[in-house]
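Notes to accompany the following structure.
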Protein chains: 2
Amino acid sequence: MPAATLTGPPWAAKFRAPKGARTRESILHVAVNLASLEGLQGLTIGRLAEELKMSKSGLFAHFGSKEDLQLATVEMARQIFVEYVIRPALAEPEGMPRLWALCDRWVDHVESRVFAGGCFFTAASFEFDSRSGPVRDRIAGAMRTWLSVLSEAVERAQKCGHLKTAVNPEQLAFEIYSLAIGSHWAHGLFGDRKAFSNGRSMILARLRALATSKCPPLCKIDRPRV
Amino acid sequence: MPAATLTGPPWAAKFRAPKGARTRESILHVAVNLASLEGLQGLTIGRLAEELKMSKSGLFAHFGSKEDLQLATVEMARQIFVEYVIRPALAEPEGMPRLWALCDRWVDHVESRVFAGGCFFTAASFEFDSRSGPVRDRIAGAMRTWLSVLSEAVERAQKCGHLKTAVNPEQLAFEIYSLAIGSHWAHGLFGDRKAFSNGRSMILARLRALATSKCPPLCKIDRPRV
DNA sequence: CCTACCGATCGGTAGG
DNA sequence: CCTACCGATCGGTAGG
């Protein structure tokens, strides 16, 4: 029996990662969700192995150390965040629509539990803000990039004439993201179901207050959930 | 030799807590700071005992379980928060001065490192938002009270005629606190030294935008640190 | 408040 | 990818 019947036809090989890489990826998907629920420190190799029905050492062979596992988990979370929040928003037309899409998708990724425990990076930020080392640096790097994506969207909205130019882009990006973090906080701690629509409303109100007459209408608030 | 020379004069007794209670309090002061740095789960009995140069079991005798230790730590943090942030602000005159004092003192308690790792409750909120049990409930309770103190201050500022009555008090309280959390986040993750003065500026700008002409001037921004 | 323990779990290794 | 380990530390207990 040729090997092809066991592993699929040869021409499919390039669509399949090597087995080790696939295992590693499935480990990291579970790791991201576990870490979002119990923290990156609370992500223990034993718990993770149990969840995956693997032996500890079998799992551990994919990573050199716990720190490597944490780094790989952060990287996987970053990729998921980019795919779910940033990429679809950047596909929207420049200006206010794209800026609003970034905000809306962010709230949406918490509401839809893209990460089981809410926003992976918000939790990780507060968990690692008093520490040092490569894990904290990667978290900070991802958040720096996110803020710069947001503030660049503000800048472009200004260049499109959708937003008043009096506003400092970095500052508005920060204000918007603070409201987003706040709605995550309120939902997580109080189980407030309206936290997300309230958060969207407040961000929208802030954007509307700074919009020009050239700005296309923004009325996606409280859109029905799929 | 009478006992009084060893324990102080009898009339001083009511000013001194029993020894056990004093030890317990000094344990909790260290516990609050350790937990603010490493999380309430990262607060282990061994680390705490080491920090206090006590034996694990000697320390543990003051608490029935780790959960009891966590609950007592949250309660101690709550008391410190009330004393440092809420009480001084409530001493300010009703209306905008008191509302601003609440905001300013909150930012100040992070900036002055009243808790070694920043705001105890912000970190604890994000650490426990996916869990259940009495520890999470106490954290949520403390934050519910804090938000209600803030929104009551907004309401009174409206009754004083300092703030426009069109604003929803709970919503404004939430917006203000989101900006405060955001400035904490930016300082903690990026080491941004201007995060606090930026946070104060943004909160002030929001309050000024909603203030009436009757409102007393607000110009405490960037006041020199002692 | 201590010493001396307990079983469980931690991150990590040896050897296959 | 596994079994079988390692020393260290976890929360917690017995007994004083």
Handout entry: For the student: nearest non-hydrogen atoms of A:M76 and A:L28, plus distance
Key =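 Scanning both residues completely, I find the closest heavy atoms to be CE-CB, 3.8 Å.
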I need the [atom1]-[atom2] distance between [X] and [N], as an integer number of Å.
{"X": "B:M54", "N": "C:dT3", "atom1": "CE", "atom2": "C1'", "value": "14 Å"}
{"X": "B:F63", "N": "D:dT13", "atom1": "CZ", "atom2": "C1'", "value": "17 Å"}
{"X": "B:L59", "N": "C:dT3", "atom1": "CG", "atom2": "P", "value": "14 Å"}

Exercise for the section: Would you tell me whether B:Q79 and B:E83 have side-chain atoms, one donor and one acceptor, within less than 3.5 Å of each other? Expected result: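 No.
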Practice task
Verify the contact: side-chain N or O of A:S55 to OP1 or OP2 of D:dC1, cut-off strictly under 4.0 Å; return yes or no.
Solution key: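 No, outside the criterion.
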Exercise for the section: Return no unless some side-chain N or O of A:T23 is found under 4.0 Å from OP1 or OP2 of D:dC1. Expected result: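 Indeed, a polar side-chain atom of A:T23 lies that close.
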Handout entry: Range-with-range stems for DNA chain C, at least three Watson-Crick or G-U pairs under 3.5 Å
Key =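 Counting only runs of 3 or more consecutive pairs, the stems involving DNA chain C are C:1-16 with D:1-16.
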Enumerate all atom pairs, one protein N or O and one N or O from nucleotides 8-11 of chain D, separated by less than 3.5 Å.
unit_1, atom_1, unit_2, atom_2, d
D:dC10, OP1, B:T44, OG1, 2.8
D:dG11, OP1, B:K66, NZ, 2.8
D:dG11, OP2, B:I45, N, 3.0
D:dG11, N7, B:K56, NZ, 3.1
D:dG11, O6, B:K56, NZ, 3.3

Practice task
Taking the six-membered ring of A:F81 (Phe, Tyr or Trp), confirm whether the NZ or CZ of A:R78 is under 6.0 Å from its centre and within 45° of its axis.
Solution key: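 Cation-pi check for A:R78 and A:F81: fails.
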Exercise for the section: Taking side-chain hydrogen bond (donor to acceptor under 3.5 Å, both in side chains) as the test, write out the residues that go with B:E67, two or more places apart. Expected result: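 Residues passing side-chain hydrogen bond (donor to acceptor under 3.5 Å, both in side chains) with B:E67: none at all.
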Handout entry: Ion pair B:E111/B:R200, N-O distance below 4.0 Å
Key =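 Counted as a salt bridge, because a side-chain N and a carboxylate O are separated by less than 4.0 Å.
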Handout entry: salt_bridge(A:E38, A:R47) N-O dist < 4.0 Å
Key =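 Between A:R47 and A:E38 there is a salt bridge, with a charged N closer than 4.0 Å to a carboxylate O.
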Problem - A:F196 and A:H184 aromatic centres sub-6.0 Å - result: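 Aromatic pair excluded; centres sit 6.0 Å or further apart.
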Exercise for the section: Check each of B:L37, B:V110, B:V32 against B:F115 using the side-chain contact (heavy atoms from CB on, under 4.5 Å) test, and report the only one that passes. Expected result: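 With B:F115 as partner, B:L37, B:V110, B:V32 yield a single side-chain contact (heavy atoms from CB on, under 4.5 Å), made by B:V32.
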